[in-house]
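Heads up, the thing below is written out as structure tokens.
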Amino acid sequence: MNKLSKLLPALALVLGAFAAVAFTSPQPATGEYGLSGSVWYDVTGINPDEDTYVCNEDETRDCLFDQPFGMGTPISSEQDKVFVVQNASNLPIAH
């Protein structure tokens, strides 16, 4: 009984670590990507302006996607707009 009482803190630590991992939902990594011609740009965290890019009105296209290379879905707030590069040197190319 004495040995068991010495192991209880370690057992509680192991159970707590297991519960923290087992019951935590992973959050998907979401970025923002725009397509200009055949080049995908990673515009995550970049504010659109006259020195980076803009999203112009276009009812047939989408401006930003959550993944590059045609694997993502349009970001809802940027639907019906087209991605227009203003200064390509200020935008990183998606990899």
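As the structure is a prediction and not an experimental result, all values here were calculated from the model. Heavy-atom basis, side chains included; hydrogens, waters and symmetry copies ignored.
Expressed to the nearest 0.5 Å, how far OG1 of Thr52 lies from CG of Asn87 amounts to 8.5 Å.
Other members of the cluster containing Ile46 are Val39, Tyr41, Val43, Tyr53, Leu64, Ile75, Phe83, Val85, Leu91, Ile93, with ILVMFWY side chains joined at under 4.5 Å, either directly or via other members.
A donor and an acceptor atom, one from each side chain of Asp66 and Thr73, are located under 3.5 Å apart.
Judged by distance alone, the side chain of Ser36 and the main-chain N or O of Val84 form no donor-acceptor pair under 3.5 Å. A donor-acceptor pair under 3.5 Å is formed between the side chain of Asn90 and the backbone N or O of Asp51.
Residues Gln86 and Val54 form a side-chain contact, since some pair of their non-hydrogen atoms from C-beta on lies under 4.5 Å apart.
Of the listed residues (Asp62, Asn56, Thr60), just one forms a side-chain contact (heavy atoms from CB on, under 4.5 Å) with Asp58, and that residue is Thr60.
When all heavy atoms of Trp40 and Pro68 are compared, the closest pair comes out as CE3-CA, 3.8 Å.
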